[in-house]
Structure formats: C-alpha cells, structure tokens
Amino acid sequence: MAVQKLPLAKAINESLRTALDTDPKVLIMGEDVGKLGGVFRVTDGLQKDFGEDRVIDTPLAESGIVGTAIGLALRGYRPVVEIQFDGFVFPAYDQIVTQLAKMHARALGKIKLPVVVRIPYGGGIGAVEHHSESPEALFAHVAGLKVVSPSNSSDAYWMMQQAIQSDDPVIFFEPKRRYWDKGEVDTEAIPGPLHGARTVREGTDLTLVAYGPMVKVCLEVAAAAQEEGKSLEVVDLRSMSPIDFDAVQKSVEKTRRLVVVHEAPVFLGTGAEIAARITERCFYHLEAPVLRVGGYHVPYPPARLEDEYLPGLDRVLDAVDRSLAY
Amino acid sequence: MTVDSTAAARTPRKRTAAKKSAKKSPGAGAPDLVQLLSPEGRRVEDPAHAEYAAFVEDITADELRGLYRDMVLTRRFDAEATSLQRQGELGLWASLLGQEAAQIGSGRATRDDDYVFPTYREHGVAWCRGVDPTNLLGMFRGVNNGGWDPNSNNFHLYTIVIGSQTLHATGYAMGVAKDGADSAVIAYFGDGASSQGDVAESFTFSAVYNAPVVFFCQNNQWAISEPTEKQTRVPLYQRAQGYGFPGVRVDGNDVLACLAVTKWALERARRGEGPTLVEAFTYRMGAHTTSDDPSKYRADEEREAWEAKDPILRLRTYLESETDTDEGYFAELEAESEALGLRVREVVRAMPDPDRMAIFENAYADGHALVDEERAQFAAYQASFTTESDSDSVAGSGGN
Ligand SMILES: Cc1ncc(C[n+]2csc(CCOP(=O)(O)OP(=O)(O)O)c2C)c(N)n1
C-alpha cells in the first residue's frame with residue numbers, strides 16, 4: 001500500500017528507513033538516536049534494523065557530530081545528523097557556517113557535502129529554555145546551505161528523501177509541535193521540487209505565506225476568515241533557502257495583499273526578505289504594505305508566556321484585517 | 001589483536017567490535033576510588049586516601065547528622081517536584097535521585113565566598129548554598145528562565161546547554177585570581193557533558209591560567225540513553241592528567257568522601273595550585289527527566305544493584321550503629337521532611353503565571369528602541385480586546 005496515514009515524525013522515520021535501505025552510504029548520527037530512537041522517536045527502530053554502524057549514537061558534542069559528518073561526507077558517505085533541539089545547534093554552528101557551508105566553493109566545486117542536519121524546531125510544546133527556538137534565518141543567511149521545513153507528513157517524507165539525495169548540505173527544520181499530526185503519505189507519488197513553494201489553499205483577497213508549524217495556523221486563519229466572507233490564499237513556502245519568490249509573486253499578483261507568518265522574530269527574519277522582494281517585484285500590484293506576523297525581539301519566553309509570543313489565530317487575523325483596511 | 005594489512009585491505013575491518021567487550025563503564029571499581037564510608041555503612045580506612053580523609057577526621061556526630069538531614073530533605077524536595085510534574089504543576093523535572101551524596105558532600109565543602117556554577121540537576125547543591133528550593137521550580141513550571149539572583153548565594157543560574165558553564169566558571173575563577181581573593185569556584189557537569197568542546201576548552205584555560213576552579217563531574221553513568229562508554233574510553237578523572245592537573249575519582253554515593261575530596265580540591269585552588277577534576281562515581285536512579293523513559297535503554301537490574309549503594313541508607317546505618325543518634329532524631333526529621341514537601345507543593349500551586357508584558361522585560365539592560373516599539377504595539381493590541389473602539393488606532397506591523 002503506497003498511501004498511508006502517518007504522523008509527521010513517523011513519516012520522517014519511514015523516509016530515513018527508505019534511505020538507509022536503498023543507499024548503503026546513508027548514515028544516521030546523533031545523540032540518543034539509537035536504542036532510544038531519539039527523544040522524539042523519529043529514529044525509532046532504525047538502529048535495531050540497520051545496526052550500530054549505520055545508526056550511530058554519538059558522544060554528546062554537536063560540533064563533533066557535524067564536524068565528523070563532514071569528514072564522512074568527504075569519504076563518500078551521506079550522513080543525516082540529528083541535533084536534539086533547536087537551541088543546541090549552536091555548538092555546531094561554527095562547523096556548519098565556516099566548514100559545511102563553504103567547503104564546496106573552497107574546493108572549486110571538486111568536493112560535495114551531502115550532509116543533512118535535522119533540527120526539531122519551534123515552540124508550542126511547553127518546554128524549558130533552548131527547546132523552542134526558530135533559528136532558520138541564521139542558517140538561510142549563510143550561502144552554501146539549503147534550508148527547508150516541511151509542514152505535513154507527505155512533505156516530511158518526500159523532502160527528507162530529496163534532502164538526502166541533494167549533493168548540497170541541507171538544514172532540515174522539523175516542526176516539533178506537528179510531529180504528532182497525522183497526514184497522508186503516498187510513497188509512490190512523484191514529489192514536487194524540494195525548493196518549490198506550494199499553494200495549499202486558494203483564495204482571492206489576500207495571500208498568507210508560512211512554512212513549517214505556522215502553515216496549520218494559517219489554514220485555520222483562512223477558514224475563520226471565510227466565515228467573515230474573506231477569501232485567503234495560503235502558500236506553504238517549504239524552503240527558506242532558496243525561496244520560491246515566483247510562486248509568492250504569482251499569488252500576490254492575484255490577491256494584491258500579503259501577510260508573512262513565522263514563529264521566528266520578525267526583525268531581520270525570513271519575512272523581511274519576502275517583504276522586500278515582493279515589494280520590489282509587485283509594487284504596482286500591491287494594495288497594502290506587506291505585513292509580517294512573528295516573534296518579538298526578545299529571548300524566547302518561558303513556557304507560560306509562549307502563547308503570547310507565538311503567532312496565533314487572533315494575531316494573524318489582526319494582520320489580515322489591517323492589510324484589508326488599506 | 002594483530003592486524004594483517006593485506007587481509008584488512010580485502011575485507012572491511014570490524015573496528016567497532018572491540019567496544020562490545022567494554023560492557024561496564026570505563027574504570028568501574030577502579031582501585032583509585034576514594035571511599036570513606038562503605039555501602040554497608042562502615043568507615044573505610046585506606047592509607048592511600050589519608051590525605052583526603054584528613055579533611056573529615058574531626059567531623060562530629062552533629063555534623064554527620066547535618067549531612068544526613070541535607071540528603072533526606074533534598075530527596076524529599078526532589079520527590080515532591082517529581083509528583084508535582086505528574087500532577088501537571090510543572091512542565092518538566094530533572095530528578096537528582098541517587099546523587100544526593102555527591103551534591104551534599106561537595107556543596108557542604110564550599111565556603112560562602114566560593115562561587116558555584118551548576119548545570120540543571122544540582123538541587124542538592126542549591127540547598128547547601130541556601131537557595132530556597134521553591135526558587136528552583138520556576139523554570140520547570142515555565143514561569144521564568146532562571147528564578148533567583150545568582151549573587152545572593154553565589155550560586156549561578158541553571159544552565160541547560162550542556163557544558164557551557166564550565167567556561168564561565170573558569171573565567172570567574174580567573175577573575176578571582178586576578179583579584180587576589182582566596183575563594184574558589186566549582187563547576188558541575190555530567191559524564192555526557194565531558195564530551196563537549198566547551199568542557200575541553202575549560203580544562204585548557206583553567207590549566208594555562210592556573211585558575212582556582214574545581215570541576216565536579218557527576219558521572220551518573222548515563223547521558224539520557226547513552227552510557228558513559230559512548231562518551232569516553234578512559235575513566236573520566238584520568239582526563240585531567242593530559243591537561244596538567246590532578247583528577248580524582250570519588251565514590252559519589254559516599255557523602256563523607258565527596259565532602260573530603262572536594263574540600264581537598266578547593267583548598268588546592270585557594271592555595272594557588274590551580275584546577276582539579278573530581279569525578280563523583282554515582283548513579284541516576286530515576287529517568288533523565290520526567291520526559292524520559294529509561295526502560296527503552298536500561299535494565300532494571302542495574303538500578304537495583306545501585307540501590308544497594310544508596311547514599312542515604314549507608315549514612316543512616318553509620319549514624320545508628322556508631323553514633324548516639326536516637327530514633328527521635330529520625331522521627332523529627334521525617335516530620336520536617338513532610339513539612340518541606342507540603343510547603344513546596346503549596347508554593348508551586350500558588351505560583352502565578354507572569355504578566356504577559358514580562359516578555360519584554362530584561363531583554364536588554366540599557367533598553368532598546370525596537371523592543372520599546374514592539375512592547376507598545378503589543379500593549380495596544382492587547383488593549384484592543386477590552387476596548388473595541390480603540391482597535392482602529394492599532395498601527396504598525398513590526399513585531400506582530
Ligand atoms: C548542547 C546540548 N546538547 C544536547 C542537549 C540535550 N540534553 C540535555 S541533558 C542531556 C544529557 C546530559 O547528560 P550528562 O551530561 O551526563 O548529565 P546528566 O543529565 O546525566 O546529569 C542531553 C543530551 C543539551 N541540553 N545541550
């Protein structure tokens with residue numbers, strides 16, 4: 001049966017399983033990925049079936065994990081490494097930014113670094129500090145890296161396949177609060193391109209652009225807005241580097257209004273780039289300035305305040321109203 | 001094992017096979033383990049460890065009862081926090097069950113003017129430093145990311161990113177030395193943390209600058225699901241040698257030995273003799289945190305074997321058999337323990353959610369124009385729910 005209903009985490013698990021099965025060069029590495037199957041169970045059962053040489057529990061050292069993955073890639077392997085939580089990628093940030101991102105260019109294109117760095121990211125799970133951050137802009141800003149985030153099970157399955165097959169390093173942000181959301185996965189479908197945005201709901205009055213955990217929020221917003229007689233289009237960006245500006249432009253030329261939604265701080269974030277580009281491309285189509293809804297320029301707050309910090313239905317609807325009021 | 005290079009070239013060598021033999025944690029039961037109180041609750045006299053034993057030679061029965069009380073109350077506090085998590089009052093809890101002796105012994109070895117850099121499980125050390133235990137619960141409840149003023153007890157905030165604080169401790173100790181003060185610094189971390197680059201760098205810095213810092217590694221045998229042999233092939237205390245300072249392994253379930261060895265290391269630091277690595281060989285009896293399920297990776301028999309080495313039990317046996325501690329003492333302590341549990345529960349349940357404007361507090365010490373702007377927008381947005389007529393005046397977009 002090619003079509004299955006799977007939680008997002010399980011879809012990634014199936015995708016990793018397929019990759020391990022089909023390519024002996026694929027390796028899984030990270031803290032607790034073996035017996036435990038990862039703290040979110042994304043790698044559950046893989047070590048049991050593929051052994052400790054393919055699914056490797058590493059020492060507790062993120063710089064070590066990414067640095068050795070680079071070496072393994074230089075030797076012809078395709079490592080998929082897990083960073084346990086968003087806030088713990090920073091010990092590896094040096095390796096990712098100064099080495100992983102730049103080595104291909106440094107070698108005049110003679111070497112390839114097919115490393116996937118999986119990062120469960122984002123808030124909404126009531127966690128303690130460093131377990132809820134959205135640092136995607138910090139990675140998208142670095143040339144040489146590709147940065148993607150699925151919002152549903154099918155994309156999780158297929159984008160992981162594509163990321164592993166990519167000869168470039170891919171930072172794969174997994175929306176941890178959607179890990180348990182179920183969706184259909186067709187393992188025989190022909191997937192769209194890894195970096196293509198997708199319109200997940202058609203509309204005519206305004207475009208909402210989001211990715212990862214916020215796509216679901218935006219679909220809820222569109223449903224709520226419909227009850228008030230407003231027709232919103234929702235575009236799932238899927239990739240933050242590169243960004244499919246053509247798809248966003250096409251939608252905005254139709255709706256003439258754009259609101260970008262992400263959990264990460266608005267200041268110098270992905271939304272800022274989209275706002276600037278779309279303003280440039282669609283200046284004469286726009287009926288309102290591009291608005292952004294996201295986090296504030298403050299440390300991610302303690303769990304009991306995260307609902308104030310994270311964009312929710314009301315805050316997005318408020319931005320929609322403001323845009324439509326122009 | 002000899003390696004036939006031609007054969008090796010033909011067939012891939014199974015290099016990981018060697019590890020399979022290393023079932024036990026490296027160096028388990030090594031003779032160098034400093035122990036002053038056996039699991040059976042008897043004093044251990046080993047001439048090789050006389051230098052450490054000297055630090056507790058004159059310990060009185062009252063002081064021993066004090067250590068016992070600290071361990072019992074810390075365990076009670078920890079158990080209360082665990083059940084508060086189960087009841088939904090805390091989002092998460094990292095239990096110290098089994099590590100009481102390592103924490104109370106080392107914590108009681110510090111002086112008021114020493115400075116402590118904990119990780120996130122040092123509830124017993126916090127207790128010794130006089131931090132109100134209920135202050136430790138705010139971050140686990142999700143109402144703050146810290147919860148106490150580090151300078152009021154010289155007990156730094158909990159650090160969640162593994163190993164970071166060992167560098168802070170080293171830098172602080174470098175400052176202490178620059179100031180010509182005779183206090184010392186102690187940094188706590190786990191066996192898993194020993195793999196982090198920051199920890200290696202803190203060893204390097206502290207050795208090079210002869211910083212008055214004690215690295216106190218609680219080797220509780222596990223880093224979530226990974227046993228110590230996934231972090232190291234040599235006993236952790238032996239690492240120190242490569243950096244040029246002493247490393248000592250102490251029985252982490254023996255409060256006397258932990259007290260003695262830590263005092264010894266702190267004294268060295270005060271005398272200007274530089275850093276020491278203390279490895280407290282102990283065991284995490286519970287789950288890593290309340291989110292963890294050790295049955296996925298750990299055999300029950302292992303925990304049972306360690307229960308026989310329970311730090312509290314062995315001191316109790318000693319107090320009962322070798323000192324004039326009577327039943328009344330234990331009964332009183334039991335009552336005190338219950339009272340502590342009750343207080344903790346009440347304080348936590350009454351702990352209010354922070355005001356929503358708190359999001360914008362303390363991002364900067366000097367203030368920041370962007371934060372001010374976002375705060376104002378947030379306030380106006382919130383106000384729009386109560387006074388609908390004002391909603392038209394909500395302007396701006398950034399930060400929403
Ligand atoms: C840099 C970093 N990586 C990963 C984590 C997630 N994590 C939290 S605790 C832990 C295990 C720590 O083990 P150890 O250092 O032995 O201390 P213990 O919790 O056993 O006391 C891990 C992997 C983290 N907090 N920080």
Side-chain angles (χ1 to χ4, degrees), chain A residues 31-39 41 44 52-53 57-64 84 87-88 90-91 94 125-131 259 265-267 275 289-309 311 314-316 318-319 321-323 325, chain B residues 14 16 19 91-92 120 138-146 158 160-164 190-198 223-226 230-232 291-293 296-297 353-356 358-363 368 370-371 374-375 378 381-382 384-385 391-392 394-395 397-400:
Chain A
E31 296 157 12
D32 304 296
V33 297
K35 255 195 189 149
L36 187 65
V39 293
R41 308 290 183 266
D44 203 20
E52 287 182 36
D53 290 338
D57 268 330
T58 65
L60 211 178
E62 287 76 8
S63 180
Q84 204 158 72
F88 306 142
F90 296 106
D94 171 38
I125 62 161
V128 292
E129 214 185 354
H130 313 298
H131 291 71
V259 175
V266 161
F267 184 62
V290 180
L291 301 183
R292 291 165 289 157
V293 185
Y296 304 101
H297 191 64
V298 298
Y300 192 90
R304 299 265 174 154
L305 288 179
E306 69 178 338
D307 286 344
E308 307 290 346
Y309 176 92
D314 284 333
R315 272 175 67 204
V316 181
D318 178 67
D321 288 347
R322 279 190 287 122
S323 175
Chain B
K14 188 91 179 137
T16 47
K19 281 183 203 151
L92 181 81
Y120 46 74
M139 72 172 289
F140 292 101
R141 187 172 169 87
V143 300
N144 60 45
N145 287 329
Y158 277 178
I160 290 186
V161 180
I162 295 294
S164 297
D191 47 305
S194 71
S195 298
Q196 286 286 353
D198 275 7
I224 309 188
S225 74
E226 299 191 5
K230 284 279 183 258
Q231 315 291 338
T232 182
S291 312
D292 176 43
D293 172 14
K296 294 275 287 186
Y297 55 81
D353 282 0
D355 183 86
R356 48 167 69 109
I359 291 174
F360 299 96
E361 275 163 31
N362 300 313
H368 187 286
L370 175 62
V371 177
E374 291 185 351
R375 180 194 290 112
F378 183 80
Y381 171 68
Q382 294 300 335
S384 73
F385 290 109
S391 62
D392 286 347
V394 178
S397 57
N400 271 323

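Each chain gets a letter, A, B and so on, in the order its sequence line appears, and its residues count up from 1.
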Exercise. Between chain A and each of Leu92(B), Val371(B), Leu370(B), count heavy-atom pairs under 4.5 Å; write down the option with the most.
Key: Leu370(B)
Quiz item: Charged N to carboxylate O below 4.0 Å: is that the case for Lys296(B) and Asp32(A)?
Solution: no
Self-check item: Engaged part of Glu306(A) at the chain B interface, taking heavy atoms whose separation is under 4.5 Å
Solution: neither
Self-check item: Among Asn145(B), Asp191(B), Asp353(B), residue most engaged with chain A (heavy-atom pairs, under 4.5 Å)
Solution: Asn145(B)
Practice problem: Check each atom of Asp44(A) against the heavy atoms of chain B and say whether the ones under 4.5 Å are side chain, backbone, both or neither. | Solution: side chain
Exercise. Please test Gln84(A) against Glu62(A) for side chain to side chain contact (heavy atoms under 4.5 Å, CB included), starting from the C-alpha separation and ending with a verdict.
Key: CA-CA 9 Å; Gln84(A) 204 158 72; Glu62(A) 287 76 8; 5.7 Å; no
Quiz item: Who among Ile125(A), Asp57(A), Asp307(A), Val128(A) has the most heavy-atom pairs with chain B under 4.5 Å?
Solution: Asp57(A)
Exercise. Using non-hydrogen atoms and a 4.5 Å limit, figure out which bit of Val39(A) sits close to chain B: side chain, backbone, both or neither.
Key: side chain
Exercise. Identify which part of Arg141(B) has an atom lying under 4.5 Å from any heavy atom of chain A, answering side chain, backbone, both or neither.
Key: both
Quiz item: Non-hydrogen atoms of chain B under 4.5 Å away: do they reach the side chain of Phe90(A), the backbone, both or neither?
Solution: neither
Quiz prompt | Asp293(B) to Leu36(A) - nearest heavy-atom pair and separation | solution = O-CD1, 4.3 Å
Quiz item: Checking His297(A) against chain B: side chain, backbone, both or neither under 4.5 Å from a heavy atom?
Solution: both
Self-check item: Stepwise side chain to side chain contact (heavy atoms under 4.5 Å, CB included) check, Val259(A) with Arg292(A)
Solution: CA-CA 6 Å; Val259(A) 175; Arg292(A) 291 165 289 157; over 6 Å; no
Practice problem: Can you tell which part of Ile224(B) gets under 4.5 Å to a heavy atom of chain A, answering side chain, backbone, both or neither? | Solution: both
Exercise. List the atom of His131(A), the atom of Phe88(A), and the distance in Å for their closest heavy-atom pair.
Key: CE1-CZ, 3.5 Å
Self-check item: Toward chain A, the part of Val161(B) with a non-hydrogen atom under 4.5 Å
Solution: both
Practice problem: Specify which of Arg375(B), Glu361(B), Arg356(B), Glu226(B) makes the most heavy-atom pairs with chain A at under 4.5 Å. | Solution: Glu226(B)
Quiz item: Does Arg41(A) have any salt bridge (Lys or Arg N to Asp or Glu O under 4.0 Å) partners at least two apart in sequence or in another chain, and if so, which?
Solution: none
Practice problem: Below 4.5 Å from any heavy atom of chain B, which atoms of Asp314(A) appear? Answer side chain, backbone, both or neither. | Solution: both
Practice problem: Heavy-atom pairs under 4.5 Å with chain A are the metric here; pick the option from Ser225(B), Ser164(B), Pro354(B) that has the most. | Solution: Ser225(B)
Exercise. Side chain from CB out, backbone as N, CA, C, O: work out which of these in Asn362(B) comes under 4.5 Å of a heavy atom of chain A, or both, or neither.
Key: neither
Quiz item: Which heavy atom in Ser323(A) sits nearest to a heavy atom in Leu291(A), and how many Å separate them?
Solution: N-CD1, 3.8 Å
Quiz prompt | Proximal component of Ile359(B), with respect to chain A [non-hydrogen, under 4.5 Å] | solution = both
Quiz item: Out of Pro59(A), Gly34(A), Ala303(A), Pro289(A), which one racks up the most heavy-atom pairs below 4.5 Å with chain B?
Solution: Pro59(A)
Quiz item: Hey, which of Gly163(B), Gly192(B), Gly142(B) has the most heavy atom pairs under 4.5 Å with chain A?
Solution: Gly142(B)
Practice problem: Decide ring pair (Phe, Tyr, Trp, His ring centres under 6.0 Å) for His130(A) and Tyr300(A); before the verdict, give the C-alpha distance in whole Å, the side-chain angles of both, and the deciding distance to 0.1 Å. | Solution: CA-CA 8 Å; His130(A) 313 298; Tyr300(A) 192 90; over 10 Å; no
Practice problem: State, without any angle test, whether Ser195(B) and Gln231(B) hold a side-chain donor-acceptor pair at a distance under 3.5 Å. | Solution: yes
Practice problem: State which residues pass ring pair (Phe, Tyr, Trp, His ring centres under 6.0 Å) with Phe140(B); sequence neighbours excluded, sorted by chain then number. | Solution: Trp93(B)
Practice problem: Hey, can you tell me if Phe378(B) and Tyr296(A) have their rings parallel, tilted or perpendicular (30° and 60° cut-offs)? | Solution: perpendicular
